[in-house]
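So that the names make sense, note that chain A is the first sequence line, chain B the second, and so on, each numbered from 1. These numbers were taken from a predicted model, which means no experiment stands behind them.
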2 protein chains.
Amino acid sequence: MAKADGEQMGIVTALVRVAFLVDAVYADSAREYGLTQQQGQLLCVLMPRSYGMGELGGVLGLAKSSLSGLVDRTARRGLVRRETDAQDNRAVRVELTPEGSRLADEFYAETCRRIERLPSGLPDAEREVLADLLSRVVRDNEVPPVFMVLDEQG
Amino acid sequence: MAKADGEQMGIVTALVRVAFLVDAVYADSAREYGLTQQQGQLLCVLMPRSYGMGELGGVLGLAKSSLSGLVDRTARRGLVRRETDAQDNRAVRVELTPEGSRLADEFYAETCRRIERLPSGLPDAEREVLADLLSRVVRDNEVPPVFMVLDEQG
DNA sequence: GGTGGATGGTTCGTGCTACGAACGAGTATC
DNA sequence: GATACTCGTTCGTAGCACGAACCATCCACC
């Protein structure tokens with residue numbers, strides 16, 4: 001059943017291609033702030049609060065050693081720091097530095113502007129439907145909070 | 001306006017989190033076939049036809065040097081090969097080997113199965129709406145064919 | 001209190017991946 | 001024939017991924 005403006009792709013192809021698109025926009029936005037995609041992602045996750053390494057690894061889907069490296073490199077940039085956990089001397093909590101928080105805010109805001117443009121060809125009502133359907137997919141699949149909901153900011 | 005099962009996130013957050021989800025599933029699927037995400041992506045792009053390096057770089061969004069490296073590593077695996085372009089001796093065309101084609105088919109089929117499960121919590125009608133809306137976002141943003149539409153296969 | 005297992009995180013080794021600059025071979029234009 | 005441009009590779013560099021091994025700390029059990 002071809003649509004007027006070309007054959008419709010299935011849900012699978014549409015999801016993969018949209019993911020590719022979002023990744024590209026996200027990576028371009030990060031690059032503007034001198035960040036890699038992974039560093040940007042780390043900063044975004046840390047915006048609401050600090051995380052332990054175990055939980056952070058779970059959210060980002062990274063092996064422990066990968067996360068140690070990512071935190072090392074980002075800490076070396078002065079954007080995050082490790083604090084000893086008062087309740088468990090084995091653990092550390094990772095949090096944004098003031099510089100990291102400032103950069104995260106700017107990166108997050110700019111990334112929101114860019115991502116927001118992607119569905120701008122849809123009428124408002126359809127964009128609302130899209131947001132609802134995608135939100136339910138996110139919830140059904142228990143996607144971790146890799147990007148803040150807009151009103152979560154301080 | 002909170003939904004019954006939690007506050008709805010905006011379109012931006014939903015898009016980013018869905019992309020994160022799809023990426024994770026795609027990477028897991030690739031790993032099952034001994035592929036990295038980028039190698040899997042390369043194989044998928046090459047399924048319909050061969051590509052020149054310039055065009056391939058454009059589709060995948062990679063620098064020329066990055067693509068040379070990716071093709072090198074994948075060729076070393078015996079999954080792709082370079083052919084001299086008959087019309088331009090500077091150029092090469094990259095195509096799947098028989099082994100690469102076989103692996104690409106399996107990887108693609110399995111990835112389709114896994115991605116197809118993601119929106120399975122939605123009723124059929126809503127999934128159809130989601131496919132339509134996402135397809136339009138893909139078209140509006142001129143996303144390159146990084147993943148085949150299902151009926152394109154031979 | 002001592003012991004053993006589990007947990008939290010780091011280091012190491014290895015390979016993949018990204019980019020810009022520079023380069024060589026081939027093509028197109030004058 | 002000379003020059004500019006194109007195509008793709010190589011080089012140098014840095015980031016990033018994982019599993020194995022390790023060390024320090026915590027907790028349960030005796």
Which residue lies toward the 5' end of DNA chain C, A/D72 or A/R90, if each is placed at its nearest nucleotide? A/R90

Less than 4.0 angstrom between a side-chain N/O of A/Q37 and OP1 or OP2 of D/dC16, yes or no? no

B/V92 side chain, from C-beta outward: closest of C/dT11, D/dC26, D/dT9: D/dT9

Over 60° means perpendicular and under 30° means parallel, so tell me whether A/F147 and A/Y108 are parallel, tilted or perpendicular. tilted

Taking the nucleotide of DNA chain D with the closest heavy atom to each, which residue, A/R77 or B/R31, is nearer the 5' end? A/R77

Could you state the atom-to-atom distance from CG of B/D28 to P of D/dC18 in whole Å? 10 Å

Passing candidate, side chain to side chain contact (heavy atoms under 4.5 Å, CB included) with A/T13, options B/V149, B/V146, B/V138, B/L134: B/V149

With hydrogens left out and only the distance checked, is there a donor-acceptor pair under 3.5 Å joining B/S65's side chain and the base of C/dG20? yes

As a test of understanding, state which of B/D72, B/T74, B/L79 forms a side chain to side chain contact (heavy atoms under 4.5 Å, CB included) with B/R76. B/D72

Using a cut-off of strictly less than 4.0 Å, decide whether B/R73 has a side-chain nitrogen or oxygen near OP1 or OP2 of C/dT17. yes

If you assign A/K64 and A/Q39 each to the DNA chain D nucleotide with the nearest heavy atom, which residue ends up on the more 5' nucleotide? A/Q39

Grab the two heavy atoms, one from B/M53 and one from B/V94, that are nearest each other, plus how far apart they are. SD-CG2, 3.5 Å

Nearest-nucleotide pick for B/T36, side chain only, options being C/dT17, C/dG9, D/dG8: C/dT17

Would you say B/N89 reaches C/dA25's phosphate, i.e. side-chain N/O to OP1/OP2 under 4.0 Å? no

Under 4.0 Å between a side-chain N or O of B/S66 and OP1 or OP2 of C/dA18? no

